[in-house]
Amino acid sequence: MPPWISINEARNASPGTEATLKGWVRTRRDSKAGLSFIALHDGSCFDTFQVVAPSALANYEEEIQKLTTGCAIEVDGTIVESQGKGQAVEMQASAVRVIGWVDNPDTYPVSQKRHTFEYLREVAHLRSRTNTFGAVARVRHCLAMATHRFYHERGFHWIHTPIVTASDCEGAGQMFRVSTLDAVNPPRTPEGGADFTEDFFGKEAHLTVSGQLNVETYCLALTKVYTFGPTFRAENSNTSRHLAEFWMIEPEIAFADLNDNAALAEDFIKYLLKAVLDERGDDMAFFNERIEPGLLEALAHVVESPFERIDYTEAVSLLEKSGKKFEFPVKWGLDLQSEHERWLTEEKIKRPVIVMNYPKDIKAFYMRMNDDEKTVAAMDVLAPRIGEIIGGSQREERLDMLDNRIKEMGLPAENYWWYRDLRRYGTAPHAGFGLGFERFIQFATGMGNIRDVIPFPRTPKNAEF
RNA sequence: UCCCCGAUAGCUCAAUGGUAGAGCGAGCGGCUGUUAACCGCUAGGUUGUAGGUUCGAGUCCUACUCGGGGAGCCA
């Protein structure tokens, strides 16, 4: 058997190369000239590869002519220049071995026709074989690798913050409980509630909603750090940009302020886009053609132009002066609504916008108080189509100020003892942000629903696969 | 969780309260170095679930389930 090469390698092989290809049939077309054309894919690149199977092959009528979409096969043959149009080279097969049949082509869920994404979510175990989901998977991988490369090249350390947390101080929304207690009949406290001292960790434990507080401890030791892992939110969110389980990238830098943070966010986003445009031209051309016309041009524009940075106060003033009728009020002190963010990024600025220095009352306790004592050093990066793609801040490094905020917001100070310790022992200014990985993939590919940029989406009422 | 819309063949959708159809896909045949192939034939249905109105319900009403769009929460 000749050496096994991928389809990506076959496309670049010179005529005369003998090889074995392995993959799945996308389509089969028969010609009465005595041959069949098989379009084969193996995920190594966007394109299929054309295999020409002559009728002289021993199993031609018995097997090759019965191949249908989805069958797994191995093909031995020679790479030759194609006589037809549409491909430079193809494989002239000397043997075709069927590895796995499709037992009922009539009910094969991803037959060779157009399917809606809604339908394909119901067959998530097979949607990976389609053009779109293959392309998304390769782009996702490319962006994950580029993320590690970006931080590694800049001297950051990847910190594996915990998935399970027994700390009560994360405070970013509803959490999933992790427990080994009997759910039906748990041990009881004298008050009648479940007794979590009997639980696995001896206290209530949950899945993390953010690695930030943990990673701050390593930031104030290794200076430049980041996390990249799954996060979990038990919010009952039903939108095209929320998941209950998603991946987040959270860099944290010491001896840095909000402007350093914003610069890092901008560099990071541009680096990722450049990587995917360089490395996944085939998949990106597909997204540009079939998913989001104009995508490539828009992304090139993002890479080339500086991000707009504006203060929250200025954003409010722009919105007030826009003359546009919004459903929700625009007023200093109120958070920006989706429609406001869309107007800023899609109509006014037409590229990503970094909105900075928000009113303290609409932001988290750990964000650093500005000198005006009305705003905190927070920032959101807003992207056209997606909205908030990054949320971050300079952290409050002054213990007295932090304590004030904890008290002001009615939080239990004792839960934050180790977080406060960081401010007692060698505190230093630091800042960081969280980038929603799936939201970034949406931004890069033009995919409209976040459930289609992660292999197995977890959303309210959905964890089938 | 709230507002709006939807659920009919494997998929995408039609069907005035009166016999459930088409396109695509699939199977078979024809044609062709084919490539979104083309032409012909065939099969394929408890109309999301449970009630109700009616002589009669895919169609009207109620509840539920699931899906989509928007909003909130956020990344």
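Here is the naming used below: chain letters follow the sequence lines, and residue numbers restart at 1 for every chain.
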Side chain A:Asn238 and base B:U1 donor-acceptor under 3.5 Å: yes
Presence of donor-acceptor pair under 3.5 Å, side chain of A:Glu235 and base of B:U1: no
Nearest-Å distance once atom P is located in both B:U59 and B:U8: 13 Å
Interatomic distance at P, B:C31 relative to B:G40, whole Å: 15 Å
Between B:U32 and B:C38 - C1' atom distance, rounded Å: 8 Å
Same-atom distance (C1') from B:A75 to B:G58, integer angstrom: 43 Å
Sugar-phosphate, base or nothing in reach of A:Arg451, heavy atoms under 4.0 Å: sugar-phosphate
Face-to-face stacking of A:Phe437 with B:A75, centres under 5.5 angstrom, angle under 30°: no
Strand partner of B:G27, provided both Watson-Crick or wobble distances fall under 3.5 Å: B:C41
Watson-Crick or G-U wobble partner of B:A7, both distances under 3.5 Å: B:U65
Any A:Phe133 side-chain heavy atom under 4.5 Å of A:Phe117 side chain: yes
Short side-chain to backbone donor-acceptor contact, A:Lys224 and A:Arg154, under 3.5 Å: yes
B:U16 to B:G25 separation - C1' atoms, rounded to the nearest Å: 32 Å
Options B:A71, B:A26, B:U32, nucleotide nearest the side-chain atoms of A:Thr239: B:A71
Polar side-chain contact A:Asp106-B:G44 base: donor and acceptor under 3.5 Å: no
Check: B:C74 base within 3.5 Å donor-acceptor of A:Arg439 side chain: yes
B:U1 to B:U42 separation - P atoms, rounded to the nearest Å: 49 Å
Sugar-phosphate only, base, or nothing, as touched by A:Ser31 at under 4.0 Å among non-hydrogen atoms: base
Of residues 118-133 of chain A, the positions that come close to RNA chain B - non-hydrogen atoms, cut-off under 4.0 Å: A:Glu118, A:Tyr119, A:Arg121
Sugar-phosphate, base or nothing in reach of A:Gln337, heavy atoms under 4.0 Å: sugar-phosphate
Lys/Arg-Asp/Glu bridge criterion (N-O < 4.0 Å) met for A:Lys22, A:Asp42: no
Base B:U34 paired with A:Gln83 side chain (donor-acceptor, <3.5 Å): no
Span that lies between the C1' atom of B:G56 and that of B:U19, in whole angstrom: 13 Å
P-based separation of B:G6 from B:U62 [nearest Å]: 13 Å
